[in-house]
Amino acid sequence: MLEQKNNDLIEKTFVLYLCYEFTELIAEYEHILSQSYDTRDIDPLYQPPSFMTGYYFYTTNVKNTYNLEEIKILSDTLIKRHRKLKTEIQKYLISTDWYVKNLLDSEFHGFSKLKIQSANFDFRVNHEITTSNKMLNSLSYFIPAYLEELLKDS
């Protein structure tokens, strides 16, 4: 491929690298979220309003606490890589297969603008885990199909 100096094929092959890198990021992200998130342990607790701020806070009962800074960094990286992968897939592949639609339509929301005391935190974790699983399933079908398409082109 390099000897032939086929730049188009090299760029198409780079999409495979992005897919494998993205798969690793998703697996790590899902692992970090799921090791602390267990629906049996979650129990929203009503707390009296803070006299300083007047806000209501919701806490969760989880055995392992979240490392929110690590989750924020990883989720931001994941969102950027997903955008890059979507751009590359749209550039080289026009397909109506369900796994391609999942890769293009699914969105991570991330945690960069969400505080751990937020009532939406549990919902966000659940959404991110569900999206991660959907993406991993889609990638497990996309990678072999894309590789097959590359082999046909070369």
Side-chain angles (χ1 to χ4, degrees), residues 8-47 55-154:
D8 189 46
L9 191 58
I10 292 170
E11 287 177 15
K12 286 181 179 179
T13 306
F14 181 66
V15 174
L16 278 177
Y17 170 77
L18 290 175
C19 287
Y20 284 115
E21 181 185 51
F22 190 59
T23 303
E24 291 295 319
L25 276 173
I26 292 173
E28 182 182 351
Y29 186 59
E30 195 270 336
H31 174 72
I32 288 172
L33 289 177
S34 64
Q35 72 182 359
S36 294
Y37 182 73
D38 185 350
T39 54
R40 292 168 297 170
D41 292 336
I42 287 181
D43 180 27
L45 300 174
Y46 173 78
Q47 293 183 347
Y55 294 115
Y56 290 93
F57 292 98
Y58 295 86
T59 61
T60 57
N61 286 332
V62 288
K63 292 179 184 173
N64 302 323
T65 57
Y66 292 98
N67 182 348
L68 191 58
E69 287 307 311
E70 182 181 5
I71 290 173
K72 284 181 179 181
I73 292 167
L74 192 56
S75 68
D76 289 346
T77 304
L78 198 61
I79 290 168
K80 289 175 188 169
R81 298 290 161 82
H82 185 226
R83 286 186 194 135
K84 175 74 174 158
L85 183 62
K86 282 171 40 172
T87 303
E88 295 297 320
I89 289 172
Q90 289 170 338
K91 191 187 310 182
Y92 296 116
L93 188 68
I94 298 169
S95 175
T96 57
D97 293 325
W98 66 269
Y99 48 85
V100 175
K101 286 183 180 177
N102 276 347
L103 288 172
L104 297 178
D105 295 341
S106 298
E107 290 289 336
F108 290 101
H109 295 310
F111 290 89
S112 58
K113 295 180 181 151
L114 190 69
K115 303 229 182 308
I116 200 160
Q117 293 91 356
S118 171
N120 293 328
F121 187 78
D122 297 334
F123 177 77
R124 179 68 57 90
V125 170
N126 188 31
H127 173 271
E128 298 293 292
I129 289 174
T130 304
T131 304
S132 296
N133 289 329
K134 189 189 321 184
M135 291 283 214
L136 286 171
N137 287 337
S138 300
L139 283 166
S140 68
Y141 284 93
F142 175 76
I143 292 172
Y146 187 74
L147 188 56
E148 190 175 309
E149 183 111 358
L150 269 180
L151 292 174
K152 285 179 191 174
D153 290 347
S154 61

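These numbers come from a predicted model, not from an experiment. Atom set for the values below is all heavy atoms of this structure, side chains included, hydrogens, waters and symmetry mates excluded.
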Side chain to side chain contact (heavy atoms under 4.5 Å, CB included) partner of M135, chosen from N137, N133, T131: T131

Side-chain touch Y92/E11, heavy atoms, less than 4.5 angstrom: yes

Side-chain heavy-atom pair F142, I89 within 4.5 angstrom cut-off: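 They are in side-chain contact.
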
With sequence neighbours excluded, residues passing salt bridge (charged side-chain N to carboxylate O under 4.0 Å, His left out) with E21: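 Once residues adjacent in sequence are excluded, the partners of E21 under the salt bridge (charged side-chain N to carboxylate O under 4.0 Å, His left out) criterion are R81.
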
Partners meeting salt bridge (charged side-chain N to carboxylate O under 4.0 Å, His left out) with K91 (sequence neighbours left out): E88

Full working for side chain to side chain contact (heavy atoms under 4.5 Å, CB included) between I26 and L139: CA-CA 10 Å; I26 292 173; L139 283 166; 3.9 Å; yes

First locate atom [atom1] of [X], then atom [atom2] of [Y], and finally report the distance between them rounded to the nearest 0.5 Å.
X    : Y    : atom1 : atom2 : answer
I129 : H31  : CD1   : NE2   : 11.5 Å
E128 : T130 : CD    : OG1   : 9.0 Å
S140 : Y99  : OG    : OH    : 10.5 Å
L78  : L25  : CG    : CG    : 5.5 Å

Closest approach of I71 to Y29 (non-hydrogen atoms, all atoms of both residues): O-CE1, 4.2 Å

Tabulate below the donor-acceptor pairs under 3.5 Å that side-chain atoms of residues 100-107 make, not counting sequence neighbours, or state none.
unit_1: N102; atom_1: ND2; unit_2: S138; atom_2: OG; d: 3.2
unit_1: S106; atom_1: OG; unit_2: N102; atom_2: O; d: 2.9
unit_1: E107; atom_1: OE2; unit_2: K86; atom_2: NZ; d: 2.4

